[in-house]
Protein chains: 2
Amino acid sequence: MAVMTRWLDPDEQRTWRAYVAASRALMDALDRELQRDAGMPHAYYELLVRLSEAPDRQLRMSELAEASGSSRSRLSHAVARLEAAGWVRREECPTDRRGQIALLTDEGFATLAAAAPGHVEGVRRHLFDALSPAQVDQLRRISETLAEHLTGS
Amino acid sequence: MAVMTRWLDPDEQRTWRAYVAASRALMDALDRELQRDAGMPHAYYELLVRLSEAPDRQLRMSELAEASGSSRSRLSHAVARLEAAGWVRREECPTDRRGQIALLTDEGFATLAAAAPGHVEGVRRHLFDALSPAQVDQLRRISETLAEHLTGS
DNA sequence: GCGCTTTGGTTGAGCGTTCAACTATCTTCG
DNA sequence: CGAAGATAGTTGAACGCTCAACCAAAGCGC
């Protein structure tokens, strides 16, 4: 038997469209700024951040994929580029011969350190400056709920 | 004189990371579903929606770009693909000989109509079902504020 | 009417992501 | 042990987006 579609009511429509417009505009702006100022897309910046926070600035490819919410394939291509740029090195994993370890180089760390202030400033300008403290708190709860909901299913 | 970076405090960090994770996961999920079920990415689906809502199901390229928050170049490439798929047709603009009009074909409309229920269901499942009515309202206000803030600057 | 600028739109190269194979290693279990 | 299946990661093709360069038509100033 046919299941009726639960269409969006006008309020939900409005919410959904605003959400899509805002999040795309935000990500586009940050991507553009990061590309201009640091020569890398936001996704790559995030990979460097994750590595910089890891013990010895290194992670297994699968751990890095997990930490960054990236597919294995995407990560593989990305790390290849980051390696070509001299920001990351790959090493064999001593405990699992299938494994690869991605390691942030000093040059990668320096590039990240140079890019960080501008990027953070962008996040602040485009996001936090526009919202009240209460809204920031709401956005945190909403985002955490959604993230959990999405990765849980 | 050097301006100090206004770094993110731990709460802001948490908010920002959750936001990025959630919005990427959400868009990725919808993109994957739409690609699987309708053979088009979410961005193309949105173009068809905008056209379907326009008078006579047609819009000037520049209007469509504006309505969808897309660059002219992106739209040009996108419409070329949509045209190749038979979902959109291009026509000369009678009042401005530089102009092009993008027109949703019957086939495009039918494809859209077939894709809509599944997509709406996905939006509901991934987004609205996870949030309380109050949160949906908060998200609407936040998103509208952000969208305005971003496109205004 | 005639240059200058602006606007509308396209194009091609380069890059990042996805998807579907594919290889190699590890694990499990009879 | 040895075969079957799971896991780690890579690869190449197809596709979508960005950026800069470009062309054509429209508007503007004189």
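The model shown is predicted, which means the values in this text are computed figures rather than measured ones. Convention: sequence-line order gives letters A, B, ...; per-chain numbering from 1.
Contact annotation: the side chain of B:Ser68 never approaches that of B:Val49 to less than 4.5 Å [non-hydrogen atoms, C-beta and beyond]. For the pair A:Arg90 and A:Ile101, the minimum side-chain heavy-atom distance is 4.5 Å or more.
Remark: the B:His77 side chain and the C:dG9 base include no donor-acceptor N/O pair separated by less than 3.5 Å. For D:dT11, its base sits under 3.5 Å from the side chain of A:Ser73 at one donor and acceptor pair at least. On a pure distance criterion of 3.5 Å, no polar donor-acceptor pair joins the side chain of A:Arg97 and the base of C:dT25.
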- Task: Report the C-alpha separation of B:Thr105 and B:Trp87 in whole Å, then their side-chain angles, then the decisive distance to 0.1 Å, and conclude whether the side chain to side chain donor-acceptor pair (under 3.5 Å) test is met.
- Result: CA-CA 5 Å; B:Thr105 65; B:Trp87 297 330; over 6 Å; no
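A:Arg57 forms a cation-pi arrangement with A:Phe109, by the criterion of a distance under 6.0 Å to the ring centre and an angle within 45° of the ring axis.
Considering only side-chain N and O atoms, A:Arg90 lies under 4.0 angstrom from the phosphate OP1 or OP2 of D:dT10. Taking only side-chain nitrogens and oxygens, B:Arg74 comes nearer than 4.0 Å to OP1 or OP2 of D:dT18. Phosphate contact (OP1/OP2 of D:dG9, side-chain N/O of A:Arg60, threshold under 4.0 Å): present. Of the side-chain N and O atoms in B:Ser71, none sit less than 4.0 angstrom from OP1 or OP2 of D:dC19.
Across all strands shown, B:Ala80 has no heavy atoms under 4.0 Å from either base or sugar-phosphate atoms. Counting non-hydrogen atoms under 4.0 angstrom, B:Arg24 reaches nothing in the nucleic acid. Within 4.0 Å of B:Ser76, counting heavy atoms only, lies at least one base atom of the nucleic acid. Within the nucleic acid shown, B:Asp96 comes within 4.0 Å of sugar-phosphate atoms alone, with no base atom in reach, counting heavy atoms only. In this structure, B:Ala65 reaches neither bases nor backbone, as no heavy-atom distance under 4.0 Å exists between it and the strands shown.
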Solution key, residues 29-39 of chain B side-chain donor-acceptor pairs under 3.5 Å, sequence neighbours excluded:
from: B:Asp31; atom 1: OD1; to: B:His42; atom 2: N; distance (Å): 2.7
from: B:Glu33; atom 1: OE2; to: B:Arg125; atom 2: NH2; distance (Å): 3.1
from: B:Glu33; atom 1: OE2; to: B:His126; atom 2: NE2; distance (Å): 2.6

- Given pairs defined as Watson-Crick or G-U wobble with both distances under 3.5 Å, what dot-bracket annotation applies to DNA chain C, with ( ) intrastrand, [ ] crossing, | other strand and . unpaired? ||||||||||||||||||||||||||||||
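For A:Arg81, counting side-chain heavy atoms from C-beta on, the closest listed nucleotide (C:dG16, D:dG9, C:dT17) is C:dG16.
Salt bridge absent: B:Arg50 and B:Glu63 never bring a charged side-chain N and a carboxylate O closer than 4.0 Å.
Comparing A:Val79 and A:Arg32 by the nucleotide of DNA chain D that holds the closest heavy atom to each, the one mapping nearer the 5' end is A:Val79.
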